[in-house]
Amino acid sequence: MRHLSRESEFFASSEIHLKGRAVSRGIGIGKIVRLYSRRGQFYRIKITKEKELEKEIRRFRAAVRLAKRHLQKLILRNTAKTQADILETHALILEDKSFLERIEAVIRHEGVNAEWAVEQVADSYMTIYRGLENENLRERYIDIKDVAERILSVLARKSLFQVEIGEDTVLAVEELKPSTLVALESSGLRAIISENGGWTSHAFIIARELGIPAVTGLKGFLRWVSNGQTVIVDGYSGQVILNPSAETLEKFRDKADSLKNWLMPERHSFKSLSEEFSENPKTLDGKEIKILVNLDFPASYYRARNYGAKGVGLYRSEFLFNLNEGFPSESEQVSVYRQISELVGEHKAKIRTFDLNLESVYAEEKSHEKNPALGLRAIRLSLSYKSLFRQQIRAILRASVKGNLDIVLPMVSDVSEILKVKKIINQEKNRLTRKGIEFGEPSLGVMVEVPSAVFVIEEILQEVDFINLGTNDLIQYLLAVDRDNETAANWFRTLHPAVLRAISKVLSEANKKGIPAIVCGEMASSIAYAPILVGLGATELSMNVNSIPSIRRVISNIAYEEAEAIAKKLLSCRTAEEAEKLMRQEFSKKWQHLYPEDFFRKGFSALR
Ligand code: PEP
Ligand code: MG
C-alpha cells in the first residue's frame, strides 16, 4: 500500500513522459477529465446546489425503476431456467435497499452525478465479493457488475452531458465510444488519451475529422491520473507528458505551431476555395484522381468543398443513431439526407445504410455476441430487422429527388444480399408510388470489405452501379485482427501482401468493367498509402476532410508510372515487413520532400 501511494504521488507531481500510438494529429494541452465505463460513458460531475442534488437522486430512482421493468420483461421472455435465475438475482439486487441507499448517499454527500455514484458503490461491492473465499459467492461480483451496467445504460439515455466540459479538457478514457465524441463535439476538446482502440476505430476516425489530437495504447493510464492534472498530448509522435514544466510547455507550443500547417490545416478553418483546390489533383504524368470526402457530420462538407472535394464518397449514417440515442425516425432521416443532397449540389453523396451491431442497438436486451464484428452487424442486422431497414430505404428514396444520392450497403458478403435489398427497394418504391409520395432513383453500390466479396467480385460487379472499397474492415477480416484492439495493433498490417493483392484484384476487375470503385477506408486518408492505392489503380479516393490538402499535395507530386512500379514491387513482397521496408526506401528516396521529417520513423509506424 505504501508503495502504491508513493507511486500515486509520483504520478501526481513529477513530469512524466509516456509513449502511446498517435492516431490523430496535432498537439493538445489541457487538463485531464477521466471518462468512466466503456458503454454509456460519463465523467465525474460536481453538483453543489441542493435542488440539483435532489433532482439527481430522482433521476437515479427513475433509472432503477426503468431497469427493473426491463428485467421483468426479460424474465418473462426467458424460458431457460438458468438464464431466468440469473435475471431474478439481478432483480433482487435492484431491490436491495442497502445497495441503493449507499448510492444515494454518495450522490448526496459527495455532491456527484448518479453515474459516478453507481460506479463507486458497485466497485466497492465488487472488491468485497472478489476477496471472498467461497468460490460461488466470489463469482457474484459479476452480477453486481451487470446490474451496475444496466443502471448506467438507462442513465446514459437521459444524456448526462448537460454540463459543459471545460474548454481546456483532455479526455482520458479506457476506450472511447463514437457517440461520446459526437456528444462532446462542440465543447472544444483539446485532446484524447485512450488506453484502447486502433487507428481505424470509429472514435478516432471522428477525432481526425474534428481535428482533435489523440494518442492510444496507454494501458493503465486511468489508474494513475486524476481529474485536473495538466497534460500534453502529441498526436504526431504519440508522446504524452503529465505535469509538464513551464519549459516543456513552451517547447511543445512551438512544436505545435511549426507542424500544424504541414499536415493539417488549422482546425475549423474555413479558407475560401483557392485556385489550386478547384480541380481534382493530377499526378505528374497527368492522371486525374477524384477527391471525395468521408462524412460523419454534414457540416464538415463546407470545409471539404473548400478543399475541392467533388462529393461525398461515404456518409456513415449510423452516426444519426448515436446522435438521437435510438433509431432516427423516417422524417428525421429524410431531412438529414436532403440536407446532404443540398450540400453536395451538382456532385453526389453515397449514403451508407446503418453499419451497426446488435449490441449497440439493443443493449438492454442483453443480446451479447461474443464477436460482434462477426455477428449480426451492418447489412445482416438490416436484413434481420427489416422494418427499420425499409424505413431507411424509404427515407433515402424520398430524399433523392434531385438525383444526387446513392445507396451503399455495408458488409456485403455475396450477391444474395444485394438481390434481397433490390427486392426491398422495389417494394418500397411501389409503396411510395401508391401513396403518391415523390422519390428519386438512387444508384446502388456495396462496400467491399469482407474477404468473401473479393473472391466473388466479378459476380458482385454485375449487380451494382459502383463499389466502395472499405480497407479498414478488409484488413480486419483478411488478417483476423480486431481493428479496435490496440493490443493486437502490430498485426494490423496495411501493407500485408494479402491486403495489397485483394485491393489490386478488386480495383482491376472494377476498372476492367468500367464500374466506379471508390477507396474509402482510412488508407485513402494517409499520405503513406494514398500513392500506393493510386499505383494499384485507384482513381477515386474518399477521405477524412482534414486529410484532403495533404493527399492532394502528395498526388500532384508523384508520377503515376512510378507509383505503379512501386505498387508492383509491393505486390510481390512475401511479408508485411518486407513491403513496409521497401515502401520506406522507395518513398524516402524519391519523395522525401513530401513527408515531414521523421515521418517514416514515427508517423508511418503509427499507421501500421
Ligand atoms: C471501412 O471498413 O474501410 C470503411 C470505410 O467503413 P467503416 O470504417 O465505417 O467500417
Ligand atoms: Mg467498414
Side-chain angles (χ1 to χ4, degrees), residues 23-24 176-179 181-182 197-209 292-297 300 311-322 349-357 360-361 371-382 406-413 417 445-454 466-485 492-496 498-500 502-503 506-507 517-526 529-530 532-533 536 538 540-545 547 551 607-608:
V23 281
S24 180
L176 191 61
K177 270 175 54 125
S179 55
L181 200 46
V182 170
W199 175 54
T200 62
S201 292
H202 277 148
F204 297 132
I205 291 176
I206 300 178
R208 293 196 285 275
E209 177 170 338
L292 299 146
V293 68
N294 289 350
L295 211 61
D296 299 316
F297 303 98
S300 300
V312 175
L314 173 69
Y315 173 65
R316 292 183 167 98
S317 69
E318 59 272 15
F319 288 107
L320 288 172
F321 176 87
N322 288 331
K350 306 205 178 306
I351 310 288
R352 186 175 72 186
T353 59
F354 295 129
D355 184 351
L356 292 161
N357 62 40
S360 60
V361 180
N371 294 306
L374 304 179
L376 219 51
R377 182 189 152 185
I379 194 65
R380 300 173 186 177
L381 189 72
S382 294
D406 298 334
I407 298 175
V408 193
L409 308 174
M411 223 186 150
V412 161
S413 51
E417 288 151 338
V446 297
M447 295 290 299
V448 175
E449 54 185 349
V450 176
S452 63
V454 175
F466 62 90
I467 55 164
N468 270 28
L469 190 55
T471 54
N472 307 335
D473 278 314
L474 189 60
I475 299 168
Q476 151 163 276
Y477 295 126
L478 260 178
L479 305 182
V481 54
D482 180 353
R483 61 192 268 193
D484 293 325
N485 181 351
F492 192 93
R493 305 303 272 264
T494 306
L495 294 187
H496 192 291
V499 173
L500 297 178
I503 295 173
V506 171
L507 291 176
I518 299 109
V519 185
C520 62
E522 288 304 289
M523 270 183 93
S525 300
S526 143
Y529 302 133
I532 297 170
L533 292 170
L536 290 170
E540 299 192 36
L541 301 179
S542 188
M543 64 199 72
N544 195 298
V545 60
S547 296
I551 297 291
L607 306 183
R608 264 295 177 238

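Note that ligands are numbered from 1 as they come in the structure, with each ligand's atoms numbered from 1 the same way. Because the structure is a prediction, the values reported are computed rather than measured.
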Sole residue of Ile475, Asn472, Val23, Thr471 in side-chain contact (heavy atoms from CB on, under 4.5 Å) with Glu522: Asn472
Short list, please: which atoms of ligand 1 are under 4.0 Å from a heavy atom of Met447? 4 (C), 5 (C), 6 (O)
For the 3.5 Å polar cut-off, considering only N or O atoms, please tell me whether Asp473 and ligand 1 meet it. yes
Per-atom contacts of ligand 1 with Cys520, taking only distances under 4.0 Å to non-hydrogen atoms: 5 (C)
May I ask you to decide if Ile205's main-chain N or O and Asn544's side chain share a donor-acceptor pair within less than 3.5 Å? yes
Is the shortest side-chain heavy-atom distance between Val312 and Lys350 below 4.5 Å? no
Look only at interatomic distance and state if Glu318 has a nitrogen or oxygen under 3.5 Å from any nitrogen or oxygen of ligand 1. no
For the backbone of Arg483 and the side chain of Gln476, can you confirm whether one donor and one acceptor N or O come within less than 3.5 Å of each other? yes
4.0 Å heavy-atom contact, Arg377 with ligand 1: yes
Taking only heavy atoms of Leu314 into account, list the atoms of ligand 1 that are under 4.0 Å away from them. 5 (C)
Between the side chains of Glu417 and Ser413, does any donor sit under 3.5 Å from an acceptor? yes
Are Asn468 and Glu449 side-chain neighbours, meaning at least one heavy-atom pair lies under 4.5 Å? no
Nearest non-hydrogen protein atom to atom 6 (O) of ligand 1, with distance, is Arg352 NH1, 2.9 Å
Identity of the nearest option to atom 10 (O) of ligand 1, non-hydrogen atoms only, from Arg316, Glu449, Arg483: Arg483
Distance check, rounded to the nearest 0.5 Å: Glu209 atom CD versus Leu295 atom CG? 6.0 Å
Provide, to 0.1 Å, the distance between atom 7 (P) of ligand 1 and the closest protein heavy atom, together with that atom's residue and name. His202 NE2, 3.2 Å
Where the Mg ion (ligand 2) is the corner point, what angle links OD2 of Asp473 with OE1 of Glu449, to 10°? 90°
